[in-house]
Amino acid sequence: MMAADQDSPLYLGFDFSTQQLKVVAVDGNLNVVHQNNVQFDSELPEFRTQGGVHIHADKLTVTSPALMWVKALDLLLDKMKEAGLDFSRVRALSGSGQQHGSVYWRTGASETLTNLDPDQNLNQQLQNSFSISDCPVWMDSSSSQQCQDLQRAVGGALRLAEITGSRAYERFTGNQIAKMRQTKPNEFQSAERISLVSSFAASLFLGDYAAIDYSDGSGMNLLDIRTRTWSEVCLEATAPHLHSLLGAPLPSTAVLGPISSYFVQRYGFSESCRVVAFTGDNPASLAGMRLQQGDIAVSLGTSDTVFLWLQQPRPALEGHIFCNPVDWQEYMALLCFKNGSLTRERVRNECAGGSWELFSASLRDTPLGNNGYIGFYFDVMEITPPVVGVHRFDPDDSEVSSLSPQVEVRALVEGQFLSRRLHAERLGYSIIPGTRVLATGGASSNKEILQVLSDVFNAPVYTIDLSNSACLGSAYRALHGLVAESGVTFSDAVKKAPEPQLVATPHPTAQEVYDQMLKRYARLEERLLQETRP
Ligand code: ADP
Ligand code: XUL
């Protein structure tokens with residue numbers, strides 16, 4: 001038994017996220033057998049980051065040092081070795097990175113990567129390998145001008161969304177690249193390759209430049225998500241010679257090659273260990289949740305995030321469409337809402353005496369549809385839709401200044417979920433028989449909130465622990481990568497993973513109530529947009 005365990009295969013999933021580098025190892029039965037991490041601020045204090053980043057004086061520019069990520073990998077692998085992980089059992093590894101960040105490799109870095117000396121750590125050897133030492137990350141919002149330029153060049157925001165899956169966003173890599181070219185022309189000139197955080201991390205393991213995968217590549221405002229090739233018009237509007245600086249994109253399931261001999265000699269990896277393309281953290285989370293066609297995942301954290309599996313994408317001005325990370329012919333969508341848990345907490349404090357129990361009781365004691373009262377609760381400027389303020393309406397669509405506490409609680413929760421459904425449907429999502437809603441994040445511990453979610457979507461709600469979803473998804477993708485080319489689907493490859501728990505099923509009248517209410521919500525949202533437009 002022991003011997004079999006010791007020989008059994010392992011799959012590693014890394015996550016280069018904003019504040020830390022994490023890893024999980026799963027065995028062939030998809031049990032997690034090892035987890036580890038390196039916190040950037042506390043374990044690599046020499047880089048003086050806060051939350052893993054440097055916020056510059058203009059408050060808009062946000063960067064992280066490329067060498068910090070390299071050093072974190074040295075440290076993480078040493079910790080794994082110390083913990084006794086047997087690297088020779090690892091058949092494949094993959095990983096994810098915070099989306100949109102860019103890494104600029106200096107001319108000659110490829111030479112260094114292919115000739116790494118196993119007696120020295122990566123950090124020593126890659127000191128001079130980056131032409132720009134501070135990499136712009138997803139929190140950067142300093143490229144508004146470049147966003148405008150790109151949209152003008154391609155024929156408007158909606159046209160850009162039709163090509164690349166999103167209108168121009170400051171954090172999206174193409175706009176960051178354009179800004180680098182303009183503001184740091186010499187450093188930009190001396191770069192031979194530009195990676196995303198994900199493909200940069202894959203390059204370290206591969207000992208060579210790794211391709212950008214379709215899914216993370218969709219977060220750049222540069223990839224044509226339908227042809228899955230770089231969009232000429234976007235590349236031209238961004239910087240010259242981008243084709244060769246970016247390399248050709250590949251499916252997210254692609255095996256990039258064997259692990260570099262550096263890791264074989266230094267850590268005892270097997271020569272046959274494969275590196276599967278790395279992707280963005282959100283696509284990797286979709287894999288970790290094992291989202292399937294028709295499913296929708298709703299993360300109820302500080303802010304709310306919605307993930308969708310899409311077959312027929314309909315890019316819109318709000319939200320992002322990415323190529324799907326587990327099936328290259330399909331798509332996924334990501335929607336972000338700023339007014340999530342913090343707004344629920346504010347209403348809980350004002351209407352339920354600060355108690356989740358009383359908040360839940362209000363949901364139990366009020367009927368589906370809230371007798372026609374409906375509300376929009378945007379304490380801070382919302383992303384989707386761009387509206388701010390609290391707006392309550394009576395059954396005749398007249399705006400009212402207050403509601404009774406219990407009605408207010410239901411108006412808030414119904415309004416939030418109607419908004420999640422409306423914007424998901426605008427991107428091409430539709431509820432089909434068998435649709436599951438996967439709920440995660442802090443508020444997913446609240447059964448009454450999940451009952452409203454189930455009713456508004458008229459679909460069963462399941463909960464799933466997502467604390468490690470990007471890492472886990474990467475380990476699953478490593479395993480799948482080995483068999484993807486022979487036609488095995490991702491869901492077949494990860495069948496043994498733990499199943500989500502059913503927690504709520506829709507009320508029999510839910511469809512009737514909320515199909516109508518959704519139409520009304522859309523109309524009122526449009527009215528608010530008109531009224532608040534500058
Ligand atoms: P993060 O996005 O920071 O990872 P979490 O997913 O941990 O956040 O969610 C934290 C939020 O969960 C808190 O802000 C809190 O409002 C919410 N939360 C915790 N317990 C409950 C509950 N019983 N009902 C509703 N919301 C809850
Ligand atoms: C997604 C986004 C963030 C980053 C960091 O568009 O910007 O979620 O991926 O995690």
Side-chain angles (χ1 to χ4, degrees), residues 282-283 285-311 313 319-322 324 326 330-337 339-341 344 360 363-364 368-369 384 410 412-467 469 472-473 491 494 497-518 521-522:
N282 293 301
S285 283
L286 175 136
M289 292 184 269
R290 295 187 301 146
L291 205 75
Q292 294 165 11
Q293 197 185 313
D295 287 352
I296 181 164
V298 181
S299 166
L300 304 170
T302 305
S303 53
D304 288 356
T305 316
V306 171
F307 292 79
L308 311 168
W309 177 298
L310 289 178
Q311 278 188 304
H320 310 301
I321 296 193
F322 301 145
N324 191 296
V326 300
E330 307 265 313
Y331 297 89
M332 66 172 282
L334 181 71
L335 283 160
C336 304
F337 302 87
N339 293 278
S341 278
R344 288 186 287 273
S360 297
L363 293 175
R364 270 196 307 270
L368 280 74
T384 329
R410 180 167 276 276
L412 162 73
V413 179
E414 284 186 342
Q416 288 186 326
F417 294 148
L418 284 164
S419 160
R420 312 300 177 252
R421 180 171 156 191
L422 175 70
H423 291 282
E425 290 187 356
R426 287 216 177 127
L427 289 175
Y429 171 77
S430 50
I431 298 167
I432 54 170
T435 285
R436 300 179 306 171
V437 179
L438 305 179
T440 168
S444 69
S445 62
N446 187 315
K447 292 268 183 331
E448 285 74 19
I449 289 181
L450 297 187
Q451 183 61 53
V452 180
L453 180 62
S454 176
D455 291 338
V456 171
F457 278 83
N458 190 35
V461 171
Y462 296 78
T463 48
I464 179 163
D465 173 16
L466 267 197
S467 37
S469 61
L472 208 53
S491 62
V494 298
E499 286 298 330
Q501 300 293 311
L502 178 67
V503 284
T505 51
H507 190 274
T509 62
Q511 183 172 11
E512 204 186 312
V513 173
Y514 291 110
D515 280 0
Q516 283 307 316
M517 203 164 173
L518 190 68
Y521 188 91

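This one's a predicted model, so the numbers in the text were calculated from it and none came from an experiment. If you read the sequence from its start, that first residue is 1, and numbering goes on from there.
In this structure, Gln311 CD and Asn324 CG are separated by 10.0 Å, a value rounded to the nearest 0.5 Å. Taking CG from Leu363 and CD from Glu414, the interatomic distance works out to 8.5 Å, rounded to the nearest 0.5 Å. To the nearest 0.5 Å, the span separating CZ on Phe337 from NE2 on His423 amounts to 6.0 Å. Taking CG of Leu438 as the start and CD1 of Ile464 as the end, the distance is 5.5 Å to the nearest 0.5 Å. Here the straight-line distance linking atom CD1 of Ile296 with atom CG of Leu291 works out to 8.5 Å at 0.5 Å rounding. To the nearest 0.5 Å, atoms CD (Gln511) and CD (Gln516) are separated by 10.5 Å.
Across all non-hydrogen atoms, the minimal contact from Ala459 to Val437 is CB-CG2, 4.0 Å. Contact record, Asn458 with Ala510: OD1-CB, 4.1 Å, taken as the closest heavy-atom pair. The nearest pair of heavy atoms linking Arg421 to Val456 is NH1-O, 2.8 Å. Summarising the geometry of Thr435 relative to Pro460, their closest heavy-atom pair is O-CD, 3.5 Å, with the distance given to 0.1 Å. Of all heavy-atom pairs between Thr463 and Ser444, the closest is CG2-O, 3.7 Å. Closest approach of Tyr521 and Ser419 over heavy atoms only: OH-CB, 3.2 Å.
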Kindly determine whether Leu334 and Leu286 satisfy side-chain contact (heavy atoms from CB on, under 4.5 Å), including the steps that lead there.
CA-CA 10 Å; Leu334 181 71; Leu286 175 136; over 6 Å; no

Would you check, one step at a time, whether the test side-chain contact (heavy atoms from CB on, under 4.5 Å) holds for Phe307 with Asp295?
CA-CA 9 Å; Phe307 292 79; Asp295 287 352; over 6 Å; no

Show the numbers, then the answer: is there a side-chain contact (heavy atoms from CB on, under 4.5 Å) between Leu310 and Ile321?
CA-CA 9 Å; Leu310 289 178; Ile321 296 193; 4.0 Å; yes

Take Trp309 and Val326, measure what side-chain contact (heavy atoms from CB on, under 4.5 Å) needs, and give me the verdict at the end.
CA-CA 10 Å; Trp309 177 298; Val326 300; 3.6 Å; yes

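With a 4.5 Å cut-off on side-chain heavy atoms, Leu300 and Leu450 count as touching. The closest side-chain heavy-atom distance from Tyr331 to Leu427 is not below 4.5 Å. Phe417 places a side-chain heavy atom less than 4.5 Å from the side chain of Ile449. A 4.5 Å side-chain heavy-atom check between Val452 and Arg410 finds at least one atom pair inside the cut-off.
Looking at Ser341, its side chain does come within 3.5 Å of a backbone N or O of Gly301 through a donor-acceptor pair. When atom types are taken as modelled, the side chain of Gln451 and the backbone of Thr505 share a donor-acceptor pair closer than 3.5 angstrom. Panel note: side chain Glu425, backbone Ile431; no donor-acceptor pair is recorded below 3.5 Å.
Applying the salt bridge (Lys or Arg N to Asp or Glu O under 4.0 Å) test to residues at least two apart or on different chains, the pairs with a partner in residues 437-450 are Arg364-Glu448.
Applying the ring pair (Phe, Tyr, Trp, His ring centres under 6.0 Å) test to Tyr429 and every residue at least two apart in sequence or in another chain returns nothing. For the side-chain hydrogen bond (donor to acceptor under 3.5 Å, both in side chains) test, residues two or more places apart in sequence or in another chain that qualify with Ser469 are Ser285. Applying the salt bridge (Lys or Arg N to Asp or Glu O under 4.0 Å) criterion to Glu330, with sequence neighbours excluded, gives no partner residue. Applying the salt bridge (Lys or Arg N to Asp or Glu O under 4.0 Å) rule to Asp304 yields the partners Arg344, Arg420; only residues at least two apart in sequence or on another chain are considered. By the salt bridge (Lys or Arg N to Asp or Glu O under 4.0 Å) test, Arg290 is found to be paired with Glu499, residues two or more places apart in sequence or in another chain being considered.
The number of heavy atoms from other shown groups lying within 6.0 Å of CD (Gln293) is above 12.
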